[in-house]
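First the structure, in the form of structure tokens, and then the observations on it.
Chain naming here is simple, since letters A, B, ... match the order of the sequence lines and numbering starts at 1 in each. Keep in mind it's a predicted model, so treat the numbers as computed, not measured.
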Amino acid sequence: MSPVTEEQPQSDVVKEHGTLKYSLLGPSLTKPGQNGVDQQKVSEIIYEASKGSKYFNNEEARDKNLTQKIERISKKKEDLERLDLGHDRRKAEQFIDDLEVSRDLSQTIVHIDCDAFYAAVEELDKPELKDVPFSVGKGVLTTCNYHARKFGCRSGMAGFVAKKLCPQLIQIPLNFDKYAAKAQEVRKIIVDYDPRFESASIDEAYLNITEYCNTNNIEPAAAVEQLRKEVHEKTHITISAGIAANAKLAKICSNQNKPNGQYQLPNDRNAIMAFMRDLPTRKVNGVGRVFERELDAVGIKTCGDIYACRQYLSKLFGEKAFVFLTGCYLGLGRTSVQPAEEFERKSVGTESTFGEMSGPSAFHAQLRWTAEELEKDMVRAQFKGRTLCLKIKLHTYEVFTRQVVPQKPIFEADDLYKYALPMLVKLEQEFPRIKLRLMGLRCTHLVSMKKPDTLAFFGFKTKAPADVGEAISDSSLKRKAEEMESEKWETYDERLFEDAERLEREDELKDLESLGQEFDKRKHHGKEIVPNPKRTEAIEEEWWDCPICSRPQTPDEKEFNEHIDLCLSRQTIRDVVQESAVIGTNLSTLAPPKKMKLERGKSKPSSGDPKQRKLFFG
DNA sequence: GCGGATCAC
DNA sequence: TATGGTGATCCGC
């Protein structure tokens, strides 16, 4: 099969094949490397490969839903057009005028993005891959090189679909450590251009080079040329860059001449307005497949089209979207750039997909395993959670979440399991004979367990002496909140807990019976997993008692050592908690919440794999 | 505040 | 045969 190269506008693809096929093309359709690919042909192949699968059926249902939602929006706009919205129009215009006054053209912001990063790193190790189409990530493609993109392969695409598009595609597994090390090499270089650069993900960063250009008496474009050259020479990675007056524009610009190119949008109001006028909405960070369709339904295809709809936006999409869209129309964005470590983390979670699973005993064993995984992450991140959220995905790909507020912040597997189990049991009752393909747990409303020193080390402000009074009143507020939580607790259906405990006892018996039959068949990331290794391995072999927590552990030496490490870090957490109790400090006040500017779709400080993030920041 | 949905990477 | 994991935000209720 040869690459498909006929050009076809996206809008035609939608018209001729319907929204479902457009949706099936995936979220990265507009990403670089797809220009000149015949999306119609690609869409056809994906459709045929997917048709009839459970995934496909779910996508079909979602698309139907969305189509209805969009019809409602269209209808609503028609209704609004018949009304006199003079007031709304003037209000919108006033807001736009106010925004215009706030425009800041004094800064030079750069967004840099490594080209097909994981694939590029793999090519350095395996030069033989350079001239063949290949992807990184099995099952689902994490990324692929530009050869593979010519066939329509994209990140997020199922591996078997990619193989249909490109039978000679080579798929190689992920090597996170390698990418992390390479990313660190790149960062070592860019820190010279802005010591306070902001990592947006493993392979992306924002820099404010205003000062660098001033002190070195160099033009922004030349500075970025030099930066890119330096990165290429020292790391053998090519990067693309966007240069503009703010982060939003810089991000868009870095996609303009990808790969291995740069684009500068002058800090000039007319140039910016002209650039935005013709820019498809989808190019803006925060506008995805859904919002793109919703905007299209009211006649907005480019950012320039936004102005004509100014009086409707708020009523159609809400106040936040109105603010976001007017910002897009004007080409405004934040000019602040700050290290990712200074952003406050809001949740810690883990989830995993497995072969279809049914039956309470398997569910509960999986939950136990998930709880233990989350505990490890909570300990690593040094947080407790005030809220626990359970997520499941049915075999039909429908997703459900349920959350609970424990009596006190939790992080240990036993507690995570204890509080999650009733939610799971209730879901089992809600959906009789339910089958699962994913389970996850997440803690939110985090309470930091980091030592003050650690916080200071990472640049967090600790409470100044003058603020002690505030800290104390925070403590009493916290106590009040806890009282309220425990009242809520009492209203929680106790019978569920009794149910859950009874079921758990039954599970243990069943586990003994079905041991090695049910679980061992399941695969997890290509290797066998046993949801509850402790319980299963202990049947035939002896326990080893942990010298710290005294609890029986698996005799597997590696796992045993891991457990000891865990116990030691737990011990550290307990020390911190005790310490803070003694000095009367409310740990949760040490890292005051930072307000973030509205920037739709912004997620920070995330990276492709937040677990890997720790390699860079902690 | 909860649960669903969307988005980024 | 077969479609990921982590984190954030917004909206409707």
Side-chain angles (χ1 to χ4, degrees), chain A residues 24 26-28 31 46 49-50 52-59 62 65-66 69 113-114 117-118 137-143 154-164 174 176 179 199-204 251 282 284-294 317-321 323-324 340 343-356 373-374 377 381 386-387 389-391 393 397-405 423 437-446 484-485 488 523-525 596 598-614:
Chain A
L24 287 169
S28 50
K31 289 285 157 78
I46 298 176
S50 304
S53 69
K54 287 171 182 163
Y55 173 82
F56 177 92
N57 292 338
N58 183 249
E59 286 300 302
R62 281 167 49 109
N65 248 337
L66 179 59
K69 185 182 170 194
D113 196 335
C114 301
F117 184 56
Y118 293 179
K138 294 192 168 166
V140 169
L141 313 192
T142 299
T143 191
R154 279 185 287 271
S155 64
M157 183 177 276
F160 74 95
V161 174
K163 274 277 189 185
K164 285 248 160 73
L174 287 156
F176 270 121
Y179 316 141
S199 289
S201 73
I202 188 169
D203 69 333
E204 277 179 52
K251 167 83 183 167
R282 187 72 154 80
V284 182
N285 217 326
V287 180
R289 278 176 293 180
V290 172
F291 202 26
E292 177 191 31
R293 275 187 62 191
E294 291 177 358
F317 304 113
E319 195 62 25
K320 298 273 187 191
V323 173
F324 170 75
F343 285 88
E344 178 205 12
R345 192 169 181 178
K346 296 192 174 60
S347 73
V348 179
T350 183
E351 64 187 57
S352 47
T353 296
F354 34 77
E356 248 168 54
E373 288 298 298
L374 182 55
D377 290 342
R386 293 185 166 282
T387 305
C389 181
L390 170 72
K391 172 176 172 180
K393 194 189 278 178
Y397 287 85
E398 292 166 290
V399 174
F400 297 93
T401 63
R402 293 290 181 269
Q403 60 182 43
V404 67
V405 181
M423 295 191 278
R437 79 182 323 276
L438 171 145
M439 187 183 289
L441 285 175
R442 176 169 300 274
C443 282
T444 60
H445 299 109
L446 300 179
M484 288 163 75
E485 274 166 17
K488 189 173 183 173
K523 303 274 181 179
H524 180 71
H525 295 305
M596 255 166 61
L598 176 81
E599 196 158 337
R600 197 185 162 100
K602 190 159 192 66
S603 62
K604 211 183 286 216
S606 86
S607 80
D609 183 341
K611 282 187 184 177
Q612 296 301 315
R613 231 188 95 246
K614 283 181 273 294

> Which residue, A:Leu66 or A:Arg402, contacts DNA chain B at a nucleotide closer to its 5' end, judged by nearest heavy atom?
Replying inline: A:Arg402
Closest to side chain of [X], choosing from [options]:
X        : options              : result
A:Lys346 : C:dG4, C:dT9, C:dT3  : C:dT9
A:Val161 : C:dT3, B:dC9, C:dT6  : C:dT3
A:Phe400 : C:dT3, B:dG4, C:dT6  : B:dG4
A:Ser201 : C:dC11, C:dT3, B:dC9 : B:dC9
A:Arg345 : C:dG4, C:dG7, C:dG5  : C:dG7
A:Tyr55  : B:dG3, C:dG5, C:dT3  : C:dT3

> Taking side chain as C-beta onward, heavy atoms only, is A:Glu344 less than 4.5 Å from A:Leu446?
Replying inline: no
> Can you find a heavy atom in the side chain of A:Met439 that is under 4.5 Å from one in the side chain of A:Leu390?
Replying inline: yes
> Can you say whether the rings of A:Tyr118 and A:Tyr179 are parallel (under 30°), tilted (30 to 60°) or perpendicular (over 60°)?
Replying inline: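 It falls in the parallel class, under 30°.
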What's [X] touching, base or sugar-phosphate or nothing? Going by heavy atoms closer than 4.0 Å.
X        : result
A:Arg442 : base
A:Gly139 : nothing
A:Lys163 : nothing
A:Thr142 : nothing
A:Thr401 : sugar-phosphate
A:Glu204 : sugar-phosphate

If only side-chain N and O atoms of [X] are considered, is one of them under 4.0 Å from the OP1 or OP2 phosphate oxygen of [N]?
X        : N     : result
A:Thr353 : C:dG5 : yes
A:Ser352 : C:dG4 : no
A:Arg62  : B:dG4 : no
A:Asn58  : C:dT3 : no
A:Tyr397 : C:dT3 : yes

In whole Å, I'd like the distance from the [atom1] atom of [X] to the [atom2] atom of [N].
X        : N     : atom1 : atom2 : result
A:Leu141 : C:dG4 : CG    : P     : 12 Å
A:Phe354 : C:dG4 : CZ    : P     : 12 Å
A:Glu356 : C:dT3 : CD    : P     : 9 Å
A:Lys164 : C:dA2 : NZ    : C1'   : 9 Å
A:Tyr179 : B:dC9 : OH    : P     : 18 Å
A:Arg282 : B:dC7 : CZ    : C1'   : 9 Å
A:Asn285 : B:dC7 : CG    : C1'   : 9 Å
A:Phe291 : C:dT9 : CZ    : C1'   : 13 Å

>> Within the supplied structure, the quantity of interest is the number of heavy atoms (other residues, nucleotides, ligands) at a distance under 6.0 Å from A:Arg62 CZ; does it exceed 12?
In response: no
> For the side chain of A:Ser28 and the backbone of A:Ser155, is there at least one donor-acceptor N/O pair under 3.5 Å apart?
Replying inline: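 Checked: pair present.
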> Between A:Arg437 and A:Val348, which is nearer to the 5' end of DNA chain C once each is assigned its nearest nucleotide?
Replying inline: A:Arg437
>> Distance check, C1' atoms only: B:dC7 and C:dG4, in whole angstrom units.
In response: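 That atom pair is separated by 15 Å.
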> Minimum heavy-atom separation for A:Arg402 to A:Met423, with atom names?
Replying inline: O-SD, 3.3 Å
> Taking all non-hydrogen atoms of both residues, which atom of A:Leu174 and which atom of A:Gly137 are closest, and how far apart?
Replying inline: CG-CA, 4.1 Å
> Do A:Ser347 and C:dT6 share a donor-acceptor pair, side chain to base, under 3.5 Å?
Replying inline: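 No.
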